[in-house]
Amino acid sequence: MSDDVLRIRTPIGIKYQYSAGPRVSSHLHGLMDGRFVGKRCPTCHLVYMPPRNGTCAKCGCLLGEDVEVGQRGTITTFCIVNVPFLGQTIKIPYVAATILLDGADMGMSHLIQEVEAADVRMGMRVEPVWRPRDEWQPSMENVLYFRPTGEPDAAFESYAGQL
Amino acid sequence: MAERCAVIGVGQTHHTSCRADVSIAGLVREAVDRALVSAHMTMADIDAIVIGKAPDMLEGVMMPELWLVDALAAAGKPVFRVHTAGSVGGSTAIVAAQHVMSGVHKRVLTVGFEKQSDGNAMWALSVPMPFGMPVHAGAGGYFSPIIRSYIKRSGAPAHIGCMVAVKDRTNACKNPYAHLHEPDWTLEKAMASPMLWDPVRMVETCPSSDGAMALVLASEDVADAHTGPKAWVHATAMRSEPTAFAGRNQVSPKASEDCAADLWRKAGITSPIDEIDAVEMYVPFAWFEPMWLESLGFAPKDQGWRYVEDGVTEMTGRLPVNCSGGVLSSNPIGASGMLRFGEAAMQVMGIAGEHQVDSVRKAFGHAYGGGSQFFAMWVVGANKP
Ligand SMILES: [Zn+2]
């Protein structure tokens, strides 16, 4: 029947607290200090950056010593986002890249700017552009974006194991 | 030694972008009623119910299984909810099969569903992570860099994704339940489709669907007495791994390779491409067809794209993949895995209609979910295992 009420709109929302846990603390302190601090697995010796859970997924053990990794890194792979969506905070089109920081053994996602999207390449060397220091929070958002360093591209073999 | 188990009932809804005419409960009941008719049963015959769907955030209904108890006539019966993200439809069918294989239940109803039109999956899958950079853009934004890695690693030519998309969209026209019925796709037209998440084109992505799929699983004595078609469960396997860890292979995750190896071993299959007659594979982005062909052991490493290019996975090919049109043609997320499992069973049962492959003896159903981290697979066959 045409007068049936078939759908109603009911928005809901909530703010959460996130308990980061003590083992991520040095990483978050590092971000407040403009440094990238990861953690090394005492068993397989790989460096987690970020050390999100404080554990090594492969070895099942707690991560060990803090390791400050480089500011520069290599784009291992990326995506050019052309899709608008609800909740989007970055203007499209933008390049979301997986960046392997020098000395880390896993990539992390970040934004690439100061280069045309069509010119971004796998293997491209990049560096962070930090926000003004008085805006820093314990978050990777302290880095506005990464931009090309102008160094020669990293050889495919150097990051093929990270794909 | 586990008890034998067979699929004796299959029922699905017509998948579409918005079923404004029914609630989630009504949608689920539609698939359930069809599965019961196919099993020659009524609700009263069912011993237990296993239900699955993808993240509750997709519709904003927390623990919908509580709400659905009455729609499923489940009062007084055991209800079991499964959640493994996009692979949930497959995991749910496996848990239901285990209810039978354990010898605890004889007639188990299992159902997977999603009503994407009630919420916003793109938003729900792009929620910022604490202390990370909010660059994520839905499932496409997550999987597209992995696809780029595959293309680079394998040397695949750019048109392979479009070939898969054209094949699946063409197959879907033979499936009356498929969401997309778009008969006029050509490779040339597909290659002109806009880049949404470069290198992923619009045509290479799945639709957002409302839909449900239900199966009735039965013990050996019940299945033997059933006069309709049936598909025997030969083997099942599940594996998981975290989304991110140092040294992770994201193109072919270890959990995927291990899951497939375990499945083939349990099913007594030594050469999957020779022994499987029909494949229903979870391919929400077209490039995942060649990627999974390799990861699952149907094709050698870096050669999966050649199988696509040579037409091996066409409906008339050596290894027909997604004759139903697959996830690329219908994606009610929580049902999509069970659709793969159920469509595989339909091929064995000989009830797939226009998209039926000739004389299927063994079929493979596959689902994956999360950040390529949850895997569920089964082999069903015409003969008892
Ligand atoms: Zn380790």
Side-chain angles (χ1 to χ4, degrees), chain A residues 4 6-7 10-12 16 18 20 24 27-28 31 41 44 46-50 52-53 55-58 76-83 85-90 92-98 104-111 117-118 122 137-141 143 145 156 160-163, chain B residues 18-23 57 60-62 117-138 140-153 194-202 205 241-252 254 373:
Chain A
D4 281 347
L6 290 175
R7 313 196 101 195
T10 61
I12 48 172
Y16 287 91
Y18 180 81
V24 190
H27 172 70
L28 297 176
L31 291 173
C41 171
C44 68
L46 296 177
V47 173
Y48 278 70
M49 170 55 218
R52 184 165 287 283
N53 300 317
T55 49
C56 177
K58 281 186 298 186
T76 57
T77 184
F78 64 96
C79 151
I80 306 169
V81 180
N82 293 315
V83 198
F85 60 91
L86 180 70
Q88 198 165 45
T89 55
I90 304 165
I92 58 169
Y94 65 87
V95 176
T98 305
D105 290 304
M106 64 188 292
M108 50 130 204
S109 297
H110 218 290
L111 184 66
M122 291 170 76
Q137 301 284 324
S139 168
M140 194 54 87
E141 288 186 82
V143 175
Y145 54 84
F156 181 62
Q162 295 289 343
L163 298 178
Chain B
C18 181
R19 281 294 303 274
D21 60 316
V22 287
S23 61
M57 280 243 282
V61 180
M62 287 297 287
S117 71
D118 276 10
N120 187 324
M122 183 81 184
W123 168 81
L125 299 176
S126 309
V127 174
M129 289 283 280
F131 66 84
M133 182 67 184
V135 288
H136 274 309
Y142 184 85
F143 291 116
S144 131
I146 299 173
I147 288 167
R148 184 185 298 279
S149 298
Y150 171 73
I151 293 170
K152 170 88 172 173
R153 194 191 79 180
M195 285 289 191
L196 293 189
W197 294 274
D198 191 330
V200 172
R201 296 173 192 279
M202 188 166 181
T205 68
E241 71 179 42
T243 321
F245 60 88
R248 180 176 191 226
N249 183 340
Q250 298 180 82
V251 175
S252 182
K254 185 166 191 305
Q373 67 195 110

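Residue numbers start from 1 in every chain, and the chains themselves are labelled A, B, ... in the order their sequence lines are given, proteins ahead of strands.
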(request) Measure distances from Val24(A) to the heavy atoms of chain B and classify the residue's part below 4.5 Å as side chain, backbone, both or neither. (result) side chain
(request) Can you measure from CZ (Phe131(B)) to CG (Leu31(A)) and round to the nearest 0.5 angstrom? (result) 8.5 Å
(message) Going by the rule salt bridge (charged side-chain N to carboxylate O under 4.0 Å, His left out), which residues pair with Arg248(B) if we only count those two or more places apart in sequence or in a different chain?
(response) Glu241(B)
(request) Select, from Glu141(A), Met140(A), His110(A), the one with the greatest count of heavy-atom pairs under 4.5 Å involving chain B. (result) His110(A)
(message) Would you compute the distance between atom OG1 of Thr98(A) and atom CD1 of Ile146(B) and round it to the nearest 0.5 angstrom?
(response) 8.0 Å
(request) Determine whether more than 12 heavy atoms belonging to other residues, nucleotides or ligands lie under 6.0 Å from atom CE of Met57(B). (result) yes
(request) Sequence neighbours left out, what passes ring-ring contact (aromatic ring centres under 6.0 Å, His included) with Tyr145(A)? Give chain and number order. (result) none
(message) Nearest 0.5 angstrom please: Phe245(B) CZ to Cys44(A) SG, how far?
(response) 10.0 Å
(request) Can you tell which part of Tyr18(A) gets under 4.5 Å to a heavy atom of chain B, answering side chain, backbone, both or neither? (result) side chain
(request) Before giving the answer on side chain to side chain contact (heavy atoms under 4.5 Å, CB included), spell out for Met133(B) and Val143(A) the whole-Å C-alpha distance, their side-chain angles and the decisive distance to 0.1 Å. (result) CA-CA 8 Å; Met133(B) 182 67 184; Val143(A) 175; over 6 Å; no
(message) Shorter than 4.5 Å, heavy atoms on both sides: which option in Met122(A), His27(A), Gln162(A) has the most such pairs with chain B?
(response) Met122(A)
(request) Please round to the nearest 0.5 Å and tell me the distance separating atom CZ of Arg148(B) and atom SG of Cys79(A). (result) 7.5 Å
(message) Only pairs of heavy atoms separated by less than 4.5 Å count here; which of Ser23(B), Ser252(B), Ser149(B), Ala244(B) has the most with chain A?
(response) Ser149(B)
(message) Which atoms of Ser117(B) are under 4.5 Å from chain A, going by heavy atoms: the side chain, the backbone, both sets, or neither?
(response) both
(message) Taking every non-hydrogen pair under 4.5 Å, which of Val47(A), Thr76(A), Leu28(A) racks up the most with chain B?
(response) Leu28(A)
(request) Counting only heavy atoms closer than 4.5 Å, note whether Pro242(B) contacts chain A via side chain, backbone, both or neither. (result) side chain
(request) Of all the heavy-atom pairs spanning Val83(A) and Leu196(B), show the shortest one and how long it is. (result) CG2-O, 3.2 Å
(request) Taking the side chain as every heavy atom from C-beta outward, state whether Cys18(B) and Arg7(A) have any pair of such atoms under 4.5 Å apart. (result) yes
(message) Would Arg153(B) and Phe156(A) count as a cation-pi pair here, with the cationic atom under 6.0 angstrom from the ring centre and within 45° of the axis?
(response) no
(message) So does Met195(B) get a backbone contact from the side chain of Asn82(A), meaning a donor-acceptor N/O pair under 3.5 Å?
(response) yes
(request) Return the minimal non-hydrogen interatomic distance between Val135(B) and Leu111(A), and the atom names on each side. (result) CG1-N, 3.7 Å
